[in-house]
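This is the structure, below, for whatever I ask next.
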2 protein chains.
Amino acid sequence: MRPASRGRRPVYCSRACQARAYRSRKNPPVSVVVDEPTARQRLIVEAVWRIAAERGLDMATVREIAVEAGVSARVVQYHFKGKHDLLVIALRLLHRDNERRARDRIAALRDASNPRVLLRATLEELLPLDDQRRTSLRVMTAYYTRSLTDPALASVFLHDESPLEDMVTALISAAGTRRSIDAAREADLLVAGVTGLGLDLLHQRRTRADVRRTLDYHLDRILQTQP
Amino acid sequence: MRPASRGRRPVYCSRACQARAYRSRKNPPVSVVVDEPTARQRLIVEAVWRIAAERGLDMATVREIAVEAGVSARVVQYHFKGKHDLLVIALRLLHRDNERRARDRIAALRDASNPRVLLRATLEELLPLDDQRRTSLRVMTAYYTRSLTDPALASVFLHDESPLEDMVTALISAAGTRRSIDAAREADLLVAGVTGLGLDLLHQRRTRADVRRTLDYHLDRILQTQP
DNA sequence: ATGGAGTTGATACGTTCGTATCCCAATGGA
DNA sequence: TCCATTGGGATACGAACGTATCAACTCCAT
C-alpha cells in the first residue's frame, strides 16, 4: 500500500508503532457480519434504524450514528468495514428481524383462530400500526429508494427466498374461497395493495379506519363468509 | 444584512460595485416559480429529474445539476432561491406534467373505446411501462421517501386536489359493475395495488407480463364482461 | 455614449463527510 | 515477565457541498 494520500501523515513515534501500523494496514480490523452481530454491532445498527426512520437515511452519517448509539465515531469505524457495509448489514438485519417478528406474531395466532384472522394478521404486518412497524416501514422505504441506485442494497431486497405472496396465496386457498377465485392473483393485488396503503398511511394521506375498511371489504369479498 | 461571514470577503473595486452589491443584497434576484417556469428554469428542473431518476436524489447536487443541464453552477444559483426551493419546484412541476400527460393520453382514448380500456389506461399511468413513466416513477419514489422527513415536500404530495381514487371510482361506476361491488373500495385497492406493483416492476421483482396478468384478472372481476 | 438592470463567470468560504492514521489501555497466553 | 491482540480515543486529511461575493458581460432606453 502506498504512503497514503489521505488521513494524517505517518510520523511514527517508534519502530514498533510503524510495524504495528504496517500490520494493521495489511489486514484491517474487518468484522464482516454474516448472521449474528455482536452486542456492539447491534447497538450501532439500531442507531442506524432510528436515525433513518426519524430523520432519513441521508442523515445517518457516521458521526450522527455514533452519537445516537452513545459511542464514539471511532467505534463505528472499528466495528464495520465502512459506512456502506454498515448500511447493507443494517438492512439485512432489519429484514431478518421483521421476518422473525412476523413469524412469531402469526404463530401465536395460529391455534384456535379462523383463517381470516390469520390472513388479516399477515397482511397487517405490512401496515404501520404500531411504533415498531411504523419505524420499520419508514426505514424500509428509505432503503427501497436507495436500492434503486445501489445494487448491493437491491440484492438484499431481491434475494428474498420466501415471497410473501406465496404465503398469502396459501392462506387464501386454505381458507376456502367463495366463487371461482384465483388465489394467486388475489394475493398479488392484496400484498401490493396493502403495501401501497401502508405508504399512504405513513404519509397520513389515509386514515387508519379507511385502510381497515378497505381491507375488511376485500377479505369479505375473497373469503367465504361463515354463518 | 451583516458583512457576511461566508463567501469571499468584500474588497470592492469601486464605489459603484459596492453600491451594486448593497442593492443586490437588499433584494436578491429571487425568482419564485409559481406556475410557469422560464425556459432556463425548465432546463435545470429537467436536469434534476434526470439525475434523480438515474443516480438518486442525493446525487442531485448543485454542481451536478449544472453539468447535466449544460450550464454553470452559478446559473443554477441565480435562477432559484436555493437548492431546497429548486427541489420543491422540480417536484411540483413533475406532478403537474404527469397530470397533464395522463389527462391528454386518456382524453385521446375517451371517444370510441369502452370503459374498460379507459380504466386500464388510467391505472397504467402509474406503471413504468415506458421511459417517460419509468423515469417519472423513479423520481417520484425518491421524492416520496424524502418527503417523509421534509414537510415542504410532503405538502406537495398531500395537497393533491383531485385524488386519483375518485376518478377510478367514477370509472368503475360508469362502466357498470357485476354484482354488489363497492366501487370506492375497489378503487382504493386498485390504485394502491397498482402503485405497489409499479414499485415491484421498478425493482424487476416482477415481470411486466405478471403485472399485466394480475391487472387483467381484477379488471375482469370488477367489470361486467361484455360478449 | 452612458448607465442601469438582468445574467453569467470565477472564485472563495465555512462546514460536513468518510476515512486514515497515531496512540494508548486492557486483556490474556507463553 | 513479556508481548501480541483487541478495542477505542484523538486528530487530521482531502473531497464535496451549499452558498456568498466580486467582476464582467449583454441588452436597451435614454
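Values below: all heavy atoms of this structure, side chains included; hydrogens, waters and symmetry mates excluded. Chain letters run A, B, ... following the sequence lines, proteins first and then strands; every chain starts at 1.
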Self-check item: Intermediate values then yes/no, side chain to side chain contact (heavy atoms under 4.5 Å, CB included), Gln41(B) and Ile89(B)
Solution: CA-CA 10 Å; Gln41(B) 283 172 330; Ile89(B) 289 168; over 6 Å; no

Quiz item: When you check the phosphate oxygens OP1 and OP2 of dT7(C), does a side-chain N or O of Tyr78(B) lie under 4.0 Å from one of them?
Solution: yes

Quiz item: Expressed in angstrom and rounded to an integer, what is the separation of Arg40(B) atom CZ from dT8(C) atom C1'?
Solution: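 In whole Å, dT8(C) C1' lies 8 Å from Arg40(B) CZ.
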
Practice problem: Can you sort out which residues in residues 46-69 of chain B have a heavy atom within less than 4.0 Å of DNA chain C? Ascending by number, please. | Solution: Arg63(B)

Practice problem: Go through the structure and list residues passing side-chain contact (heavy atoms from CB on, under 4.5 Å) with Glu54(A), not counting sequence neighbours. | Solution: Arg50(A)

Practice problem: Measure the angle between the two terminal helix axes of the helix from dA1(C)-dT30(D) to dA30(C)-dT1(D), five base pairs each, and quote it to 10°. | Solution: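 Taking five pairs per end, the axes differ by 20°.
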
Quiz item: Can you check the Lys83(A) NZ to dC17(C) P distance for me, whole Å?
Solution: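 Between P of dC17(C) and NZ of Lys83(A): 9 Å.
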
Quiz prompt | Partners passing salt bridge (Lys or Arg N to Asp or Glu O under 4.0 Å) against Asp166(A) (at least two apart in sequence or in another chain) | solution =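 Result, salt bridge (Lys or Arg N to Asp or Glu O under 4.0 Å) vs Asp166(A): none returned.
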
Quiz item: Which residues pass the salt bridge (Lys or Arg N to Asp or Glu O under 4.0 Å) test with Asp104(B), sequence neighbours left out?
Solution: none

Quiz item: Nearest-Å distance, CD (Gln77(A)) to P (dA12(D))?
Solution: 15 Å

Practice problem: Can you sort out the partners of Arg213(A) under salt bridge (Lys or Arg N to Asp or Glu O under 4.0 Å), two or more places apart, ordered by chain and number? | Solution: Asp210(A)

Exercise. With sequence neighbours left out, write down each residue that passes ring-ring contact (aromatic ring centres under 6.0 Å, His included) with His203(A), or none if nothing qualifies.
Key: Tyr144(B), Phe157(B)

Quiz item: Who pairs with Arg101(A) by side chain to side chain donor-acceptor pair (under 3.5 Å), at least two apart in sequence or on another chain?
Solution: Gln132(A)

Quiz item: How would you list, by chain and number, every residue that makes a side-chain contact (heavy atoms from CB on, under 4.5 Å) with Arg96(B), sequence neighbours excluded?
Solution: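 side-chain contact (heavy atoms from CB on, under 4.5 Å) check on Arg96(B) returns Glu36(B), Arg42(B), Arg100(B).
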
Quiz item: To the nearest angstrom, how far is Gln41(A) atom CD from dG7(D) atom C1'?
Solution: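 Value for this atom pair: 13 Å.
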
Quiz item: Between atom CG in Leu86(A) and atom P in dC17(C), what is the gap in whole Å?
Solution: 15 Å

Quiz prompt | Residue-phosphate contact under 4.0 Å: His79(B) side-chain N/O, dG6(C) OP1/OP2 | solution = no

Quiz prompt | Distance, rounded to the nearest Å, where Lys81(A) contributes NZ and dA20(C) contributes C1' | solution =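 Result: 17 Å.
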
Exercise. Check the distance between dT19(C)'s P and Phe80(A)'s CZ and give it to me in whole angstrom.
Key: 13 Å

Practice problem: For the pair Asp160(B) and His95(B), evaluate side-chain hydrogen bond (donor to acceptor under 3.5 Å, both in side chains) and give the outcome as yes or no after the intermediate values. | Solution: CA-CA 9 Å; Asp160(B) 191 1; His95(B) 214 267; 4.5 Å; no

Exercise. Please state whether the phosphate of dT8(C), meaning OP1 or OP2, lies under 4.0 angstrom from any side-chain nitrogen or oxygen of Ser72(B).
Key: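 Checking dT8(C) against Ser72(B), no side-chain N or O comes under 4.0 Å of OP1 or OP2.
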
Quiz item: Is the base of dT19(D) touched by the side chain of Arg74(B) through a donor-acceptor pair closer than 3.5 angstrom?
Solution: no

